[in-house]
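The next block holds one structure in the form of C-alpha cells; read it before the comments.
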Amino acid sequence: MTNQKVNTRYSPEARDIYFTVPNLISALRIISIPFISVLISKHEMIAALALIAISSASDGLDGIIARAFNQVSKIGQILDPIADRLLIFCSILALGVADIIPWWMLIVVGLRDLIMAILVLILAQHDYGPLPVHFVGKAGTAMLMIAIVALIFADIWSNSATDTLHLCGLATGTWGVGLYWLAGYIYIRQGIQLLKNDKD
C-alpha cells in the first residue's frame with residue numbers, strides 16, 4: 001500500500017488550500033482557548049460557559065461548511081483536532097489552577113496528547129496525513145467535555161446538588177480519561193501498522 005493510497009483513504013476530499021472559511025473558524029476556536037482558560041482559572045464560569053458553547057457550535061459549523069462548499073483541506077484536518085485537544089488540555093489545566101480537579105488528571109491527559117503529537121510528527125515524516133478518528137476517541141473526548149462543563153456548572157453555585165454534580169463530573173472525567181488513553185492505544189497501533197506497510 002503506497003502513501004498516496006493511504007492518504008486518499010483517510011482524507012479523500014482534502015486539498016492543499018489554506019484560506020477558507022472553515023480554517024478561519026478553526027483558527028478562531030484556537031484563539032478563544034486562552035480566554036476560556038483564564039476565565040475558568042478566575043472562576044468566571046458563566047462567561048467561560050458562553051465561550052465554550054460558541055466554540056462547540058463553531059466546531060460543527062466548520063465541518064458542515066467545508067463539506068457543503070468543497071473546502072475540506074489538509075490543514076483543516078490538522079487544525080480541527082488540534083483545537084479539540086487544546087480546548088480539553090487548557091480547560092483541565094485551568095480547572096487544576098482553580099483547585100477544582102486533581103492535578104493527576106492534567107498530567108495523564110497531557111502525557112497522552114504528547115504521545116499523540118509525537119506519533120503525528122513521525123507519520124508526517126512518512127507523508128501520512130491524520131489518522132482516521134476512532135469512535136472510542138470521539139467518546140473519550142465527549143466525556144471529557146461533559147465533565148468539564150459539569151465541573152464548571154458545579155462551581156457556579158455551592159450547595160448539596162452542585163456537590164453531587166461535582167462528583168459526577170469527576171467520575172465522568174475519569175471514565176473519559178480511560179477512553180482517551182484507549183483511543184491513544186488504538187491510534188498507536190494504527191500508526192505502527194502504517195509504518196510497517198511503508199517498509200514493505
### Task
Compare every heavy atom of Ala147 with every heavy atom of Gly169, then report the nearest pair and how far apart it is.
O-CB, 3.3 Å
### Non-hydrogen atoms of Ser41 and Val97 that approach each other most closely
CB-CG1, 4.1 Å
### Message
Please say yes or no: joined through hydrophobic side-chain contacts below 4.5 Å, possibly via intermediate residues, are Val149 and Leu167 part of one cluster?
### Response
no
### Message
Tell me every residue that passes side chain to side chain contact (heavy atoms under 4.5 Å, CB included) with Ile30, counting only those two or more places apart in sequence or in another chain.
### Response
Leu79, Ile82, Ala83, Leu86
### Task
List for me each residue that meets side chain to side chain contact (heavy atoms under 4.5 Å, CB included) alongside Ile192, sequence neighbours excluded, and say none if there are none.
Ile188, Lys196
### Query
Honestly curious: do Tyr185 and Ile88 fall in one hydrophobic cluster under the side-chain, below-4.5 Å linking rule?
no
### Task
Could you tell me whether the side chain of Thr162 and the main chain of Trp157 form a donor-acceptor pair under 3.5 Å?
yes
### Query
Is there a chain of hydrophobic side chains (I, L, V, M, F, W, Y, each step under 4.5 Å between heavy atoms) that links Leu144 to Phe153?
yes
## Note on the structure
Interatomic distance, OG1@Thr20 vs CD1@Ile75, rounded to 0.5 Å, equals 10.0 Å
### Message
Holding to salt bridge (charged side-chain N to carboxylate O under 4.0 Å, His left out), I want the full list of residues that pass it with Asp155, two or more places apart in sequence or in another chain.
### Response
none
### Task
Output, in order, the C-alpha distance, side-chain angles, deciding distance and verdict of side-chain contact (heavy atoms from CB on, under 4.5 Å) for Trp104 and Thr174.
CA-CA 10 Å; Trp104 68 260; Thr174 302; 4.1 Å; yes
### Task
Scan residues 130-151 for pairs that pass salt bridge (charged side-chain N to carboxylate O under 4.0 Å, His left out), counting only residues two or more places apart or in two chains.
none
### Query
Does Ser91 reach the main-chain N or O of Leu87 with its side chain, forming a donor-acceptor pair under 3.5 Å?
yes
### Non-neighbouring partners of Trp175 that pass side chain to side chain contact (heavy atoms under 4.5 Å, CB included), sequence neighbours left out
Met143
### Query
Out of curiosity, Asp113 CG to Phe89 CZ, how far, rounded to the nearest 0.5 Å?
7.5 Å
### Message
Between Phe35 and Met45, is there shared hydrophobic-cluster membership here, with clusters defined by ILVMFWY side-chain heavy atoms closer than 4.5 Å?
### Response
yes
#### Entry: Spacing of Arg189 atom CZ and His134 atom NE2 [to the nearest 0.5 Å]
10.5 Å
### Query
So with a 6.0 Å cut-off around CD1 of Ile46, is the heavy-atom count from everything else above 12?
no
### Task
Considering non-hydrogen atoms only, spot the tightest contact between Met105 and Gly173 and give its length.
CE-C, 4.2 Å
### Task
Apply side-chain contact (heavy atoms from CB on, under 4.5 Å) to Val133 and Tyr187, showing your working.
CA-CA 9 Å; Val133 178; Tyr187 294 142; 4.0 Å; yes
### Task
Kindly indicate, with the supporting measurements, whether the criterion side-chain contact (heavy atoms from CB on, under 4.5 Å) is fulfilled by Ile52 and Ser56.
CA-CA 6 Å; Ile52 289 175; Ser56 299; 4.0 Å; yes
### Side-chain touch Ser32/Leu28, heavy atoms, less than 4.5 angstrom
no
### Message
To the closest 0.5 Å, what do you measure between CD1 (Ile78) and OG (Ser26)?
### Response
11.5 Å
### Query
Looking only at atom types and distance, does a side-chain atom of Trp181 sit under 3.5 Å from a main-chain N or O of Val108, one as donor and one as acceptor?
yes
### Query
At what distance, to the nearest 0.5 angstrom, does CE of Met116 lie from CG of Leu111?
9.5 Å
### Task
Considering non-hydrogen atoms only, spot the tightest contact between Ile101 and Gly96 and give its length.
CG1-N, 3.7 Å
### Message
Can you confirm whether Asp163 is buried at CG, in the sense that more than 12 heavy atoms of other residues, nucleotides or ligands lie under 6.0 Å from that atom?
### Response
yes
### Inter-residue atom distance Ile92.CD1 - Leu106.CG, 0.5 Å rounding
7.0 Å
### Task
Please report the closest heavy-atom contact between Ile100 and His166, naming both atoms and the distance.
O-CE1, 3.0 Å
### Query
If you group Ile, Leu, Val, Met, Phe, Trp and Tyr by side-chain heavy-atom gaps below 4.5 Å, do Leu151 and Leu51 land in one group?
yes
### Message
Quick one: does any side-chain atom of Tyr128 pair with a main-chain N or O of Val120 as donor and acceptor, under 3.5 Å?
### Response
no
### Task
Could I get the full list of side chain to side chain contact (heavy atoms under 4.5 Å, CB included) partners for Ala48, not counting sequence neighbours?
Leu39, Ile40
### Message
Are the side chains of Asp80 and Arg29 in contact, using a 4.5 Å heavy-atom criterion?
### Response
yes
### Message
Give me the atom names and distance for the closest heavy-atom approach of Pro102 to Leu170.
### Response
CD-CD2, 3.9 Å
